[in-house]
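Working notes, beginning with the structure itself.
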Amino acid sequence: MSAARTDDQRHAGSWLSSLIPRIITKGVPFSQLPLRRKVGWSQVPMLIAAVTSCLLALLTSPAEIFGDRLFVAGVLLTLLNSVLAWTIPWKSIGPEQTYLAIPALGLISATLMATGGYPWLRGVSLLIAFPIFWFAWSGFVPRLTLVLSFVVPLAATWLQLWHHDIPFTTEVVANPLLIPLTILALATTVVIVEHNSALAERQLRFTLATSRRQTRLLNAVLNAANVGVVVVDRDGHDLFMNDVQRFQHRHATPPGNPDPDESQLLIRAVSGAYEPVPELLEPEDRPVIRSIRQEEFTDEIFALGPLEDPMYLSTSARSFFNERGEYDGAVTMFKNITPVIEASKTQGRFLANVSHELRTPLTSILGYLELLEDGPGLSDDQRQSVDVLSRNSERMLHMVNDLLTAAAGQHQVTIAAMDLGAVVHGQLESFRPRAATAGIELIEGNLCHELVLGDSLRLGQVMDNLVSNAIKYSGAGGSVTVAMSCTSKEISLRVADTGHGMSAEDLKSLFTRFFRSDEARRSGLPGVGLGLAISHELVEAHGGRITAESEPGKGTTMTVILPRKDAGRSSESPTQSLGFPTVHPDSRH
């Protein structure tokens, strides 16, 4: 048990900490006093008791009591013991328990006073309890303390009889036994309380050490994961912030304010082009404050710091609850995605610049090819060669336009009344020569010819991508079937081919930008993996969805489902009725 005691707990006379007024220690808790002062104040009760005994002796039998050398010796030893307690530098002279010499001398002085003061001061034997309790509260020698708590008072009562020549009869010997038994009972209680206190204290210290170790481990794990974390309690006070978040917090600190609160940090929203908004977020819109309001969100992007040096963070928040299901706080996590954002912006700028530079000469090439096609005097072989050049140049221009669309980051749609069936039919007619050349049968199924709201150019682009892919990845002798079905709520467009097909793993990434299946890459067919991704985005811009079904060797079926918006029944503006995110009338990519 003594091994669990620290310097603060094994101090001399800690049992007196509640007895000494705080004014005596000048407002400092007793456990935090220097060891010498602890020992000195712990000896004060014994000194007061000795002085009180002397005053009682003056009032009762001064001649007899002060005439006894043992009583006087006990008083003088108490005075000497008190001086030693206040003057010896206990912390520097030896082991921590060296100060127990003071209660040990106190047992001797109390025994001498009890022996010399008897029978005039019978209660003076209780002075032995002071050093006994001191031993008990020290926690160093619990078993020896219990032995001393009975043996010393018992020896004192027998010394009283011997010193004053009182015969040792059974009655005389038995009467004083109540005092050692009482001191033993009290000492036992103190030892048990001290033992339980030491066990509880040991458990608390173990729990605290475990908690600190887990906190350090959590901090190390989170720092290794490069994720900033802030934990707040139910009242919004910070409980934990790891090193990564401290660094990010410093980046968001405004100039001239070294210790800002959450509402003063440089936190901004991020635009669709991943640029920080100049205005700072309102306090109620900031992530930590939102988490305190028990809001939960995932991967919301914010910009921290000055406009010229933003740090982009993906932020998520979750609440946690106690065992009764009551809100107990929240965790907010901040992932630095600045490199990803900067790479995306750099990629977009690169695509836009390269695509723009490619489109200019391609447009010129196509213009001169049209002049050649219209010019007289071309032989059939020459005209066929010009057709091949023209077709491949148009294909390249289409790829360049896809790159430009991808670089733009968003799609502009213009909504107007349109006949989607006519759009589909027109696209199919333009593909028939290409399908015939490839030896593929292009089948036009049922088409719906009704006016609906949509962007004919963008939906034509979707149709072009789907049919072009179907022809491209179907072998000679195969077929591509295009059909529509319409209900009062939606329009379904289906493009099915009998081509190579795809694996289930490829289908998961089919609509991801720049994705091409292993089969497509091995085939050597041209493409950059943007057509289906752009088609997916355009269909979603119309409020619809696009799905794919495929098996290797069994072909692929692409299905576009659009919500039915009847142009004849809509009294609202097209933009409002379809709810498109960005609409620029008469604009085209």
Does H251 use its side chain to pair, donor to acceptor, with the backbone of P306 at less than 3.5 Å? no
Does the side chain of S138 come within less than 4.5 Å of Y99's, by heavy atoms? yes
Determine, stepwise, if the pair F334 / Q245 fulfils side chain to side chain contact (heavy atoms under 4.5 Å, CB included). CA-CA 7 Å; F334 303 83; Q245 184 55 24; 3.3 Å; yes
If we only count heavy atoms from C-beta on, is the R286 to L280 side-chain gap below 4.5 Å? yes
D235 side chain to H237 backbone, donor-acceptor under 3.5 Å: no
Check whether any side-chain N or O of Q160 sits under 3.5 Å from a backbone N or O of P119 as a donor-acceptor pair, and report yes or no. no
Checking L144 against F135 for the side chain to side chain contact (heavy atoms under 4.5 Å, CB included) test, could you report, in this order, the C-alpha distance in whole Å, the side-chain angles of both residues, the deciding distance, and whether it holds? CA-CA 9 Å; L144 178 61; F135 273 111; 5.8 Å; no
Quick check for you: to the nearest 0.5 Å, what is the distance between L148 atom CG and L184 atom CG? 11.0 Å
Heavy-atom pair with the smallest gap, counting every atom of P180 and L154: CB-N, 3.8 Å
Contact check, side chains of T52 and I48, non-hydrogen atoms, under 4.5 Å: yes
Going by the side-chain contact (heavy atoms from CB on, under 4.5 Å) test, name the single residue among V124, I166, I65 that passes it with Y118. I166
pair V152-T111: side-chain heavy atoms closer than 4.5 Å: yes
To the closest 0.5 Å, what do you measure between CE (M113) and CG (L127)? 5.5 Å
Ring-plane angle category for F302 and F297, please: parallel below 30°, perpendicular beyond 60°, tilted otherwise. perpendicular
Below 4.5 Å, heavy atoms only, C-beta onward: do L100 and P103 meet side chain to side chain? yes
For L281 against A269, the heavy-atom pair lying closest together: CG-N, 3.8 Å
Non-hydrogen atoms of P310 and E308 that approach each other most closely: CD-C, 3.6 Å
Report, as yes or no, whether the 6.0 Å neighbourhood of atom CD on E505 holds more than 12 heavy atoms from other residues, nucleotides or ligands. no
Using side-chain heavy atoms (C-beta onward) and a distance below 4.5 Å, is Q43 in contact with W134? yes
Are the side chain of S550 and the backbone N or O of M502 linked by a donor-acceptor pair below 3.5 Å? yes
Inspect the surroundings of CH2 in W86 and state if more than 12 heavy atoms from other residues, nucleotides or ligands are less than 6.0 Å away. yes
N242 (side chain) donor-acceptor with V229 (main chain) under 3.5 angstrom: yes
Just by distance, no angles: are the side chains of T298 and R318 close enough, under 3.5 Å, to form a donor-acceptor pair? yes
Stepwise side chain to side chain contact (heavy atoms under 4.5 Å, CB included) check, S82 with M46: CA-CA 9 Å; S82 300; M46 181 66 181; over 6 Å; no
Is S197 reaching over with its side chain to a backbone N or O of V193, donor-acceptor style, under 3.5 angstrom? no
Write down the atom of T98, the atom of P95, and the distance for their closest heavy-atom approach. OG1-O, 2.6 Å
Output yes when a side-chain donor or acceptor of N196 lies under 3.5 Å from a complementary backbone atom of L199, and no otherwise. no
Could you check whether any side-chain N or O of T332 sits under 3.5 Å from a backbone N or O of A317, counting only pairs where one atom can act as donor and the other as acceptor? no
At their closest point, which heavy atom of V244 faces which heavy atom of G228, and how far apart are they? CG1-N, 3.7 Å
Drop me the distance from S125's OG to L159's CG, to the nearest 0.5 angstrom. 10.5 Å
When you measure from the side chain of N81 to the backbone of I102, do you find a donor-acceptor pair of N or O atoms at a distance under 3.5 Å? yes
Check whether more than 12 heavy atoms from other residues, nucleotides or ligands sit under 6.0 Å from atom OH of Y327, and answer yes or no. yes
Using modelled atom types only, decide if a donor and an acceptor are shared between the side chain of S149 and the backbone of L146 within a distance under 3.5 Å. yes
What one should report as the nearest heavy-atom pair of P142 and V191 is CB-CG1, 3.8 Å
Rounded to the nearest 0.5 angstrom, the CG-CG distance for L77 and L70 is 12.0 Å
Decide side chain to side chain contact (heavy atoms under 4.5 Å, CB included) for T188 and I192; before the verdict, give the C-alpha distance in whole Å, the side-chain angles of both, and the deciding distance to 0.1 Å. CA-CA 6 Å; T188 301; I192 292 174; 3.9 Å; yes
In the structure I gave you, are the side-chain heavy atoms of L510 and D506 within less than 4.5 Å of one another anywhere? no
Using salt bridge (Lys or Arg N to Asp or Glu O under 4.0 Å) as the criterion, list what pairs up with D238, not counting sequence neighbours. none
Just wondering, do L126 and I179 contact through their side chains at under 4.5 Å, heavy atoms? yes
Is the number of heavy atoms from other residues, nucleotides or ligands within 6.0 Å of CD (E300) greater than 12? yes
Calculate, to the nearest 0.5 Å, the distance between atoms OG and CZ belonging to S211 and R216 respectively. 9.5 Å
Interatomic distance, CG@D259 vs NE2@H249, rounded to 0.5 Å, equals 7.0 Å
